[in-house]
Amino acid sequence: MKKARFFLISSMVIFGTLGLFVRHIPVSSGELALCRAVLAAILIGVYLLGSGSKIHFADIRKEVPLLLLSGISMGINWIFLFEAYKYTTVSIATLSYYFAPVLVTAVCPFLFREKLTKRQLLCFCMSTLGVIMIIGVSSFEHSGTNLLGILFGLGAAVFYAAVILLNKFIRNVTGIHRTFLQFIAAIIVLIPYVFMTSGLHLERLSGIGWMNLFIVGLFHTGITYCMYFSSLKELPGQEAAILSYIDPFVAVVVSVVFLGESITAFQIVGGILILGFAILNEK
């Protein structure tokens with residue numbers, strides 16, 4: 001249990017630093033998402049081959065469509081998040097992105113016939129108010145640039161919520177196998193998207209750019225996703241959900257302290273509403 005908790009906390013801290021490295025990779029969001037998926041899939045694929053861990057497709061064939069959809073949603077989620085980083089601060093993009101658990105709460109009663117409690121309804125309304133507070137400040141700044149970043153962040157939240165919901169239906173594929181197959185699915189959809197839009201321009205990367213790309217692909221994605229999903233198997237769902245909010249907290253600290261990005265008191269209150277009531281919703 002202690003090891004699982006350490007892995008989860010460590011993975012959330014690492015996820016929270018993602019924006020710091022993405023800022024130094026001068027390629028399109030589609031290229032970055034594709035490279036991230038490819039590098040992570042190669043790393044996990046090598047590990048699976050080395051460990052002799054096989055995927056038995058005969059046992060999971062009924063869930064392949066769900067794996068494909070979840071992988072596609074993951075890839076689109078990354079594109080939207082990286083676009084959000086371009087148009088607004090890392091802290092605001094991440095706080096907008098973490099509206100996803102609230103969206104899951106709102107949708108579950110319709111998909112799983114779960115009853116929406118008064119507390120859940122309150123949490124949904126107050127978290128929504130938090131988003132409105134963040135948008136309300138940013139929509140008047142920098143000719144709407146910040147607003148566009150927030151909208152991309154909310155778009156990422158929608159697809160992150162889709163990944164969470166789709167994974168609820170996947171029962172026969174767990175842990176590292178599920179992660180590997182989702183990365184492969186993300187690659188399948190990202191390849192045509194990249195070549196139909198920006199194309200590949202990796203020659204633009206300097207040595208620092210390549211270093212940051214490998215850190216994001218291998219460390220933030222390949223290794224950290226494995227830590228994250230392995231810890232989820234050992235920890236109670238409620239504890240895992242609450243600890244996941246370490247990610248946006250670290251992202252805000254990184255944004256303000258290391259990147260020198262500004263955040264207003266009004267936006268901080270909005271972020272507290274989103275995260276505070278999202279955490280309350282998990283209890």
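The figures here come from the full heavy-atom set of this structure, side chains too, leaving out hydrogens, waters and symmetry mates.
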Can you give me the closest heavy-atom contact between [X] and [Y], atom names plus distance?
X: Leu95; Y: Gly271; result: CD1-CA, 3.8 Å
X: Gly153; Y: Ala84; result: N-CB, 3.6 Å
X: Gly16; Y: Val254; result: O-CG2, 4.1 Å
X: Asn212; Y: His24; result: ND2-CB, 3.6 Å

Next item on the list: Check side-chain hydrogen bond (donor to acceptor under 3.5 Å, both in side chains) between Tyr98 and all other residues, then give those that pass, not counting sequence neighbours.
Entry: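 Scan of Tyr98 (side-chain hydrogen bond (donor to acceptor under 3.5 Å, both in side chains), adjacent residues dropped) gives Asp247.
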[X] [atom1] to [Y] [atom2] distance, which is reported to the nearest 0.5 Å:
X: Tyr193; Y: Ile72; atom1: OH; atom2: CD1; result: 14.0 Å
X: Thr221; Y: Leu39; atom1: OG1; atom2: CG; result: 8.0 Å
X: Thr224; Y: Met12; atom1: OG1; atom2: CE; result: 9.0 Å
X: Tyr160; Y: Asn77; atom1: OH; atom2: CG; result: 8.0 Å
X: Thr17; Y: Ile215; atom1: OG1; atom2: CD1; result: 9.0 Å
X: Leu66; Y: Ser73; atom1: CG; atom2: OG; result: 10.5 Å

Verify, without hydrogens or angle tests, whether [X] (side chain) and [Y] (backbone) share a donor-acceptor contact under 3.5 angstrom.
X: Thr89; Y: Ile92; answer: yes
X: Ser11; Y: Phe7; answer: yes
X: Ser51; Y: Leu48; answer: yes

Item checked: Trace of the side chain to side chain contact (heavy atoms under 4.5 Å, CB included) decision for Phe195 with Leu200 -> CA-CA 7 Å; Phe195 282 99; Leu200 282 175; 3.7 Å; yes
Notebook entry, point to check: Taking the six-membered ring for Trp, are Phe82 and Tyr85 parallel (under 30°), tilted (30 to 60°) or perpendicular (over 60°)?
Noted result: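 Correct class here is tilted.
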Under 4.5 Å between any side-chain heavy atoms of [X] and [Y], yes or no?
X: Leu8; Y: Tyr228; answer: yes
X: Leu154; Y: Phe80; answer: no
X: Glu261; Y: Val90; answer: yes

Distance-only donor-acceptor pairs under 3.5 Å for side chains of residues 180-191, two or more places apart:
residue: Gln182; atom: NE2; partner: Ser70; partner atom: OG; Å: 3.0
residue: Gln182; atom: NE2; partner: Asn167; partner atom: OD1; Å: 3.1

Listing, residues 25-35 side-chain donor-acceptor contacts under 3.5 Å, not counting sequence neighbours, or none:
residue: Ser28; atom: OG; partner: Glu31; partner atom: N; Å: 3.2
residue: Ser28; atom: OG; partner: Glu31; partner atom: OE2; Å: 3.3
residue: Ser28; atom: OG; partner: Ser198; partner atom: OG; Å: 2.8
residue: Ser29; atom: OG; partner: Glu83; partner atom: N; Å: 3.3
residue: Ser29; atom: OG; partner: Glu83; partner atom: OE2; Å: 2.6
residue: Glu31; atom: OE1; partner: His201; partner atom: N; Å: 2.5
residue: Glu31; atom: OE2; partner: Ser28; partner atom: N; Å: 3.3

Check: Please walk me through it: do Phe15 and Val250 pass side chain to side chain contact (heavy atoms under 4.5 Å, CB included)?
Finding: CA-CA 8 Å; Phe15 285 147; Val250 172; over 6 Å; no
Check: Do Leu18 and Val257 belong to the same hydrophobic cluster, where Ile, Leu, Val, Met, Phe, Trp and Tyr are linked whenever their side-chain heavy atoms lie under 4.5 Å apart, directly or via other members?
Finding: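 Yes, one cluster joins them.
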[X] atom [atom1], over 12 foreign heavy atoms within 6.0 Å:
X: Phe169; atom1: CZ; answer: yes
X: Ile208; atom1: CD1; answer: no
X: Phe21; atom1: CZ; answer: yes

Margin query: Test side chain to side chain contact (heavy atoms under 4.5 Å, CB included) on Leu165 and Val104; report intermediate values, then the result.
Written below: CA-CA 7 Å; Leu165 292 168; Val104 172; 3.8 Å; yes
Check: Can the ring centres of Phe159 and Tyr97 be said to be less than 6.0 Å apart?
Finding: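 Not under 6.0 Å, so no.
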